[in-house]
Amino acid sequence: MKTATLYGNPRYTIGEISPMMYSSFIEHLGRAVYTGIYQPGHPTADKDGFRKDTMEAIQALGVPMIRYPGGNFVSCYDWKDGIGPREKRPRRLEYAWSSIETNQFGIDDFCRWAKKAHVEPMIAVNLGTGSIIDAGHLVEYCNHPGGTYWSDLRAQNGSPEPYGVKYWCLGNEMEGSWQAGHLSAEDYTKKALEAAKIMRWVDPAIKLIACGSSYEMLPTYLEWDRIMLDQLLDQVDYLSTHSYTMNAGQGDTNFLAAYKALDTHIKNSRRVVEYVKARKNSTKELGICLDEWNVWNFQDIELKSLDDLLSLTTFKITSAGRWEVAPPILQEKYSLLDALTVGGLAISLLKNADSVKIACLAQLVNVIAPITTAADGGVLKQATYYPFEVVSALGHGTVLDTRITAPTYACQFGDLPVVESVTVLNEETGEVYVFALNCDPAEEVRLTLELETGYTLTRHQALFGDDLKAINTFENPQNVTMRDLTVEGGAQATLPKLSWSALTYRKG
Ligand code: AHR
């Protein structure tokens, strides 16, 4: 059997894990909102039309914060369409996803839903087709106590208490030509700066997230961030970047190794921040906000080439027609292999805990999501739900700066240790958690944890199986899930071939 040893010392750390690390994202896209979290008349719906079954599945994931309302959607969205009496709200063509937006769910509904779900709302303003004063008005509507047009309108619409929304995204993916109202880095910088100014005038306590670059294939990748941060470094609190991993025929081994690509992606954003800081001789703390990350296999998107993404002229969604209400689009079905890859990506997030201060799994319900709902039925937890649930439950505390000795395997990123892992020390529980991905397709790996002080393995939860294509369905909902493995005592764990494990250790 192959062996690997993980060396560490609780004194040598990478950083504290931010409580916002396990956040997520709900966009007005497909069935995320309508028949996802909101469905009046559903047997589990409460008086506000919120599905309790969906809410329970979300709460079980331990998601602290949810980004809303988009995504690409936000760049065509007028938030004022979604407030006030429902019968008066306009029904509009939703350009970003070729759907019909009924506006039956809007900002008040989301903030109410978030309160019931015990999650913090994170709101994106429209800096594509929207104006900077609209952004200011939205902050006023949400956060001003009262006595003004917008704050009194909120009270009239049923919420006298301000929502106190703290986290605000200054637009979404403004680097991309697919974004309505896409801007050059220079033009975005000017608009974001003015929006930030107004939004902060309204509420100085808010935290602002600026769009960085997300797509390596764009010629502006990172150069966008440099130009923007040159002006905005001191005006914003976080730099946003997105990262989707696609299984596009690169082979299972290379796909599983996506944790390496995400690690590089995060470090690239961090490098550009450090570069701008160095030029300015600045000590400003600017967190990375990875506000969209996931596996996304484009199962219903027809792309003839990557250029389609840039022009969007031949970009086609195959699972629904155009101009439908809540069409069943981007409803990715996740396999065991996808779930293992998500587990690997989560390891990369944690290994970068010193810079990643917010991360949002994109998305949460029905759309590239761990949770699927049936409009006429219940809720299904997809394969990807399980590693996220475990890491979000256990992954709190300090990430240790460990080193591993292990045999290597060859992938598109070079020769990497066959076990990718991260170690978390939780002072409160007195436990250490190791999340480990065994990339070996044929062999188990015996992993030993060697910390300065001795630790004993008390629980081993693992995700593995012979059929990498296995998925969960409403008929067979537990087909892919975490399983508890026998623990033999000592500091050793046997990682099954091609598996993702969560290992719990106690001192002694
Ligand atoms: O999450 C789906 C889409 O992916 C979002 O709308 C956009 O921001 C990203 O490109």
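All values derive from a computational prediction rather than experimental measurement. All ligand and atom numbering here is 1-based and tracks the order in the structure. If you read the sequence from its start, that first residue is 1, and numbering goes on from there.
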Anything under 3.5 Å between an N or O on ligand 1 and a protein N or O? List each pair with its distance, or write none.
unit_1	atom_1	unit_2	atom_2	d
ligand 1	1 (O)	Y244	OH	2.8
ligand 1	1 (O)	E292	OE1	3.4
ligand 1	1 (O)	Q363	NE2	2.9
ligand 1	4 (O)	E292	OE1	3.2
ligand 1	6 (O)	E27	OE1	2.7
ligand 1	6 (O)	E27	OE2	3.1
ligand 1	6 (O)	N72	N	2.9
ligand 1	8 (O)	N172	OD1	3.2
ligand 1	8 (O)	N172	ND2	3.0
ligand 1	8 (O)	E173	OE2	3.4
ligand 1	8 (O)	E292	OE1	3.2
ligand 1	8 (O)	E292	OE2	2.7
ligand 1	10 (O)	E173	OE1	2.8
ligand 1	10 (O)	E173	OE2	3.1
ligand 1	10 (O)	Y215	OH	3.1

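- Within a 6.0 Å radius of NZ in K260, no more than 12 heavy atoms belonging to other residues, nucleotides or ligands are found.
- Using bins of under 30°, 30° to 60° and over 60° for the plane-to-plane angle, the ring pair W113/F110 lands in the parallel bin.
- The aromatic rings of Y221 and H265 sit parallel to each other, their planes meeting at less than 30°, with 60° as the upper class boundary.
- Heavy-atom neighbours of K190 NZ from other residues, nucleotides or ligands within 6.0 Å: at or below the threshold of 12.
- Ring centroid separation for the pair Y259 and W500 does not come in under the 6.0 Å cut-off.
- For Y141, the side-chain hydrogen bond (donor to acceptor under 3.5 Å, both in side chains) partners two or more places apart in sequence, or in a different chain, are D108, N157.
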